[in-house]
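Before any comments, here is the structure.
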Protein chains: 2
Amino acid sequence: MGHRAFKDRLYSEFATIAKALANPHRLELLDLLAQGARSVEDLAREADLTLANASAHLQVLRRARLVEREKRGLNVVYRLADPAVFTLWRTLRDVGTARLAEIDRLVATYISERQSLEAIDRDELQRRLVAGSVQVIDVRPALEYRQGHIAGARSIPVTELARRLAELPRDREIVAYCRGPYCVYADEAVSLLRRHGFRARRLRDGFPEWRAAGYPVEVSGETPARGRHRPTPRT
Amino acid sequence: MGHRAFKDRLYSEFATIAKALANPHRLELLDLLAQGARSVEDLAREADLTLANASAHLQVLRRARLVEREKRGLNVVYRLADPAVFTLWRTLRDVGTARLAEIDRLVATYISERQSLEAIDRDELQRRLVAGSVQVIDVRPALEYRQGHIAGARSIPVTELARRLAELPRDREIVAYCRGPYCVYADEAVSLLRRHGFRARRLRDGFPEWRAAGYPVEVSGETPARGRHRPTPRT
DNA sequence: ATCATGATCAATAGATATTTTGATTAGTGT
DNA sequence: ACACTAATCAAAATATCTATTGATCATGAT
């Protein structure tokens, strides 16, 4: 093997990883998988893909060794192969945020309130959690909460928030968080809470970033795979 | 704009960056640009591409805002748009190294000696540089050395090493470095030096990683653009 | 002015990716 | 055994990417 052939093969290997990331649907799937393991059916529903298409994209990720899968009954559950895969997606996201003006424009257009509402960052939230001066709510779907959430957070999916306002304190600030910096659930939650007179802010980013930074996390032992049935009791 | 349209556009933006990385030649170009700014001609020669093809690939990187360019006389000089771009490439490379067994296999096949020769890492090298117990040589092309090198290193391009052995000490260990962990120049240099009875090792990674980690760097003021002519005296 | 050079552009052919459709496989429950 | 479901596979249509060719443009040298 010549010097050139070696280089070509080496860079081609690295490019297979980049190719796996080079599709918007696959990035969305990775973002979902960063919340926890999920079935193909579930991923397809969340990402608005047909089952066959979601399956095909997941296989591309799998061939690049970015995700792994495991059969559980009728379902196949996919998970990130390594925490480094989340780091990679996050680094890509950060470069996009820093370099592409279009991203700021999109966020400003779709979440017009975001500029006016200051977000809280991880270390301030952790200090206030310890001090007990804040109520943290996880507004992601309950399945994601069960697979891992900020220690001390309550699960109130954004879809249920309007009818569960009575559960929330009026004497303490409420902090809502969701999947990540571009997830809108927390923005919607904060907006709703403020309209009802609560003091509320969002966490600047989401649960995967909190966990990656090593802050305390809790898990409610439940298995992720299920279609319309109840989760199977254990592995 | 609906929720789905927002997500689609957002992930598509992030995917443009991944798409720019999703080609082996473009990764090689980024790796070269991590050494310093260079002309299209120079990049094409180093990466074994036609001028038109190199130009096309550089424009893909430019549209993704990963590189910037500047006209200098007849040449167009490209540079990384941001140190974060190197971080991204490096994170991608690290995930590849960790996840793809094929990469290990390739390196073991092409650089069979690498396993047997232990590399030195950055902080040990820095300590020994300060102590003066080591001679560091930069075996990259002289142009790359001039644009930035490890403080205290001498430039001896690997192509000139065989006829410049007399310049090197026999009483101290020699550490050779080049472009990065997969660059073979340092391996070739170490191999040659050992055959001639020198004590020699390679730095585990290369100059861009050294600089990114904040270790001391020196620059010899010279402009990067030139074809077959002498460099223009100043900017 | 004229020419040579570095870079880009435009057009094209060939190779890869993506999505959909319908068929098939593996596992569950009756 | 039978029906049902989740997932994958195979094939095909479409879209996108890549490399090459030759033309064009800007710049610097003569």
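Chain naming here is simple, since letters A, B, ... match the order of the sequence lines and numbering starts at 1 in each.
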Short side-chain N/O contact from [X] to OP1 or OP2 of [N], under 4.0 Å:
X: A:R26; N: C:dA17; result: no
X: B:N23; N: D:dC17; result: no
X: A:R69; N: D:dT8; result: yes
X: B:N75; N: C:dT5; result: no

[X] [atom1] - [N] [atom2] separation (whole Å):
X: A:H25; N: C:dT20; atom1: NE2; atom2: C1'; answer: 13 Å
X: B:R63; N: D:dT16; atom1: CZ; atom2: P; answer: 14 Å
X: A:N53; N: C:dT20; atom1: CG; atom2: P; answer: 6 Å
X: B:H57; N: C:dA7; atom1: NE2; atom2: P; answer: 16 Å
X: B:K71; N: D:dA26; atom1: NZ; atom2: C1'; answer: 5 Å
X: A:L74; N: D:dA3; atom1: CG; atom2: C1'; answer: 12 Å
X: A:Q59; N: D:dT8; atom1: CD; atom2: C1'; answer: 6 Å
X: A:L51; N: D:dC4; atom1: CG; atom2: C1'; answer: 15 Å

Next on the checklist: Under 4.0 Å, heavy atoms only, any strand: does B:R62 hit a base, just the sugar-phosphate, or nothing?
Outcome noted: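 It contacts nothing in the nucleic acid.
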Checklist entry - B:A52 near the nucleic acid: base, sugar-phosphate alone, or nothing, with a heavy-atom cut-off under 4.0 Å? => result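 Base, at least one base atom sits under 4.0 Å.
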Checklist entry - Using 30° and 60° as the class limits, which term best fits the ring planes of B:Y185 and A:H3: parallel, tilted or perpendicular? => result perpendicular
Next on the checklist: Which label fits B:Y110 and A:F6: parallel for a plane angle under 30°, tilted from 30 to 60°, or perpendicular past 60°?
Outcome noted: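 The arrangement is parallel - the two ring planes meet at less than 30°.
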Checklist outcome for this item: Taking for B:L49 and for A:S55 the nucleotide of DNA chain D with the nearest heavy atom, the one nearer the 5' end belongs to A:S55
Item to check | NZ/NE/NH1/NH2 to OD/OE distance under 4.0 Å, B:D205 and B:R122 | outcome: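 Yes, this pair counts.
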Item to check | Nearest listed nucleotide, side chain of A:V76, among C:dT5, C:dA7, D:dA7 | outcome: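 Closest of the options to the side chain of A:V76: D:dA7.
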Checklist entry - Between A:Y145 (side chain) and A:P157 (backbone), is there a donor-acceptor pair under 3.5 Å? => result no
Next on the checklist: So does A:V219 get a backbone contact from the side chain of A:Q147, meaning a donor-acceptor N/O pair under 3.5 Å?
Outcome noted: no
Next on the checklist: Both A:V60 and B:Y78 contact DNA chain C. Which one's nearest nucleotide lies toward the 5' end?
Outcome noted: B:Y78
Item to check | Sole residue of B:I111, B:V158, B:V107 in side chain to side chain contact (heavy atoms under 4.5 Å, CB included) with B:D187 | outcome: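 Going through the options one by one, the only one that passes is B:I111.
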Next on the checklist: What's the angle between the local helix axes at either end of the helix from C:dA1-D:dT30 to C:dT30-D:dA1, using five pairs per end and rounding to 10 degrees?
Outcome noted: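 Answer for the end axes of this duplex: 20°.
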Checklist entry - Below 6.0 angstrom between ring centroids: does that apply to A:Y182 and B:F14? => result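 Distance test on ring centres: under 6.0 Å, yes.
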